[in-house]
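Worksheet: one structure, shown below.
Letters go in sequence order (proteins before strands), and every chain restarts at 1. These figures come from a predicted structure and were not determined experimentally.
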There are 2 protein chains.
Amino acid sequence: MQNNSHPSIGSSIQKMRKAHKLTLSSLSQKSGVSAATLSQIEADKVNPTIATLWKIAEGLEIDIQSLLSGLEKQRPMFDISRKDEITRFDTEEEGVHIRVFSPLSMAEDLEVYTLTFKPGQKLLSQAHPAKTEEFLTVVRGNIRVKAGENEAQLGPGDFIRYHADVEHHIENFGAETALINMVVRFKKGGE
Amino acid sequence: MQNNSHPSIGSSIQKMRKAHKLTLSSLSQKSGVSAATLSQIEADKVNPTIATLWKIAEGLEIDIQSLLSGLEKQRPMFDISRKDEITRFDTEEEGVHIRVFSPLSMAEDLEVYTLTFKPGQKLLSQAHPAKTEEFLTVVRGNIRVKAGENEAQLGPGDFIRYHADVEHHIENFGAETALINMVVRFKKGGE
DNA sequence: TACTAATATTCAGTATACTAAAATAACATC
DNA sequence: GATGTTATTTTAGTATACTGAATATTAGTA
């Protein structure tokens, strides 16, 4: 009813429905949402729930995000994390420093870390959620990376990316302190 | 209440809220959604409307889409790029080395670079496609980053993320060679 | 343990999203 | 323009999302 501030979603849904050449009734059948409700939503007379939106997206065989893309509010962004303000998870007793750079609003999407390994130290990680990928750039030192069945040794300037949805570990097998830049990506649903 | 089919959104919201170090009450204030409702949503006891979700996203200062992530499965992956095999775009004549680590199949989504700036050198980039973000970690040296209206000076250990869909540049204003790790993300657009 | 203060959850009432069914509108074909 | 057929909107009732207030939980302190 109100829909005071954010752009209306009704017209997008209607556009989608017509693009698929569906009537309110046919989309109602495919989605499980009543035609009456669909009508109200398209006319922006109601404020659909997520569950309803989800069903509609399924009925239209599209990603729910596509329906919401219209109501995004793009704002310019320029966030700085100073060295000293950065939250630090420090497993010092094991000789591994982990510094997280992007814990902010995007925590579920992309994270940037710096890892410092003292000689001989290693970091064992349990499997992350499905579709998680890790990207490592070795800045200094020599490390061994193991993910599931796979294993590799990397030196300065080397880069590796791997799926982190299996148990994996990183180990500094060299004599000097290793410095690694890591990016972790939690992929969103379907392509 | 029901929410049978689609992945629960409650835990994501809670994670986000805690990442921002907000209490239910403080988020309630920022978003305009009552703390009671927030509690119910986080516990997946209700089916929020998009209006509510939108307010929450605003309160968290994030994109509403970030709240709607799904899950899927995939095959294991383990790709290594050795230092010497890496494609190198070298603008040596300007004192800036750019090394690209992830040119492969994912180039349209996420790219990882290492940038080396000789003292005094700078790199000017035109606006990238809309929604592009850049993440910089300074490994060594001192740089100045400018994106649109914004500008900042960064030293070793500092991190910055900004929208790169405006003209932007990076400059080494210090006396030593600067080493930067950069991640560029091209966000997927709607439909 | 008792006492606060801060945070989170439950409760009862109200607002509203959702539905089925009825009413209306659009659109043919005679 | 009458009649049937299909598509959409309105209506009335029910289910439930949202809210403020009360209650419960947690954390810290003496």
Side-chain angles (χ1 to χ4, degrees), chain A residues 1-62 64-65 67-68 70-71 87 89 103-105 107, chain B residues 1-62 64-65 67-68:
Chain A
M1 202 261 273
Q2 22 92 291
N3 176 24
N4 32 11
S5 42
H6 71 270
S8 76
I9 196 176
S11 56
S12 341
I13 291 180
Q14 187 169 67
K15 229 176 285 175
M16 293 288 191
R17 175 172 64 83
K18 296 199 164 160
H20 286 245
K21 297 211 199 320
L22 294 172
T23 66
L24 289 175
S25 320
S26 55
L27 177 55
S28 172
Q29 276 202 307
K30 291 192 68 175
S31 65
V33 177
S34 73
T37 301
L38 292 175
S39 173
Q40 313 240 48
I41 291 172
E42 288 188 355
D44 284 318
K45 290 184 175 171
V46 293
N47 231 318
T49 63
I50 302 299
T52 303
L53 249 206
W54 178 266
K55 287 189 213 159
I56 293 173
E58 284 232 306
L60 288 170
E61 290 167 26
I62 61 175
I64 190 172
Q65 317 225 7
L67 289 180
L68 292 170
L71 28 127
T87 309
F89 297 105
L104 316 162
S105 54
Chain B
M1 201 255 279
Q2 26 90 288
N3 177 25
N4 31 12
S5 49
H6 69 272
S8 79
I9 195 175
S11 55
S12 332
I13 291 179
Q14 188 169 67
K15 227 176 286 174
M16 292 289 191
R17 175 172 64 82
K18 295 195 165 162
H20 284 251
K21 297 209 200 321
L22 294 173
T23 65
L24 288 177
S25 321
S26 54
L27 177 55
S28 172
Q29 275 201 309
K30 291 192 67 175
S31 65
V33 177
S34 73
T37 301
L38 292 174
S39 174
Q40 313 240 46
I41 291 173
E42 288 188 357
D44 285 317
K45 290 184 175 170
V46 293
N47 230 318
T49 64
I50 34 169
T52 303
L53 245 207
W54 192 81
K55 287 190 213 159
I56 294 173
E58 281 237 304
L60 290 170
E61 290 168 27
I62 61 174
I64 192 171
Q65 313 222 19
L67 292 178
L68 299 166

Rounded interatomic separation in angstrom, taking [atom1] from [X] and [atom2] from [N]:
X	N	atom1	atom2	result
B/Leu24	C/dA6	CG	C1'	12 Å
A/Ile13	C/dA17	CD1	P	14 Å
B/Leu27	C/dT7	CG	P	13 Å
A/Leu38	D/dT10	CG	P	15 Å
B/Gln14	C/dT9	CD	P	7 Å
B/Leu53	C/dA17	CG	P	14 Å
B/Asn47	D/dC18	CG	P	8 Å
A/Ile50	C/dA17	CD1	P	13 Å

When you measure from the side chain of B/Asn47 to the backbone N and O of A/Thr49, does any donor-acceptor pair fall under 3.5 Å?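 Absent.
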Looking only at atom types and distance, does a side-chain atom of A/Ser31 sit under 3.5 Å from a main-chain N or O of A/Leu27, one as donor and one as acceptor?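 Here the side-chain-to-backbone pair exists.
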Which nucleotide in C/dT10, C/dT9, C/dA20 has an atom nearest any side-chain atom of B/Ala36: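 Comparing C/dT10, C/dT9, C/dA20 against the side chain of B/Ala36, the answer is C/dT10.
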Look at the side-chain N and O atoms of [X] and state whether any lies under 4.0 Å from the OP1 or OP2 oxygen of [N].
X	N	value
A/Thr49	D/dA17	no
B/Arg17	C/dT7	no
A/Ser25	D/dT6	no
B/Lys45	D/dA17	no
B/Thr37	D/dC18	no

Hey, does B/Met16 have a side-chain heavy atom less than 4.5 Å from the side chain of B/Ile56?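 Side-chain contact under 4.5 Å: no.
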Would a 4.5 Å heavy-atom cut-off, applied to side chains only, mark B/Arg17 and B/Gln14 as touching?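 Side-chain contact under 4.5 Å: yes.
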If you take all heavy atoms of A/Ser34 and A/Thr37, which pair is closest and at what distance?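 Shortest heavy-atom separation between A/Ser34 and A/Thr37 comes out as OG-OG1, 2.7 Å.
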What nucleic acid atoms does A/Ser39 come within less than 4.0 Å of, heavy atoms only: base, sugar-phosphate, or nothing?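 Base contact.
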Looking at every strand, decide which applies to B/Thr23 at a 4.0 Å heavy-atom threshold: base, sugar-phosphate, or nothing.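 Touches sugar-phosphate only.
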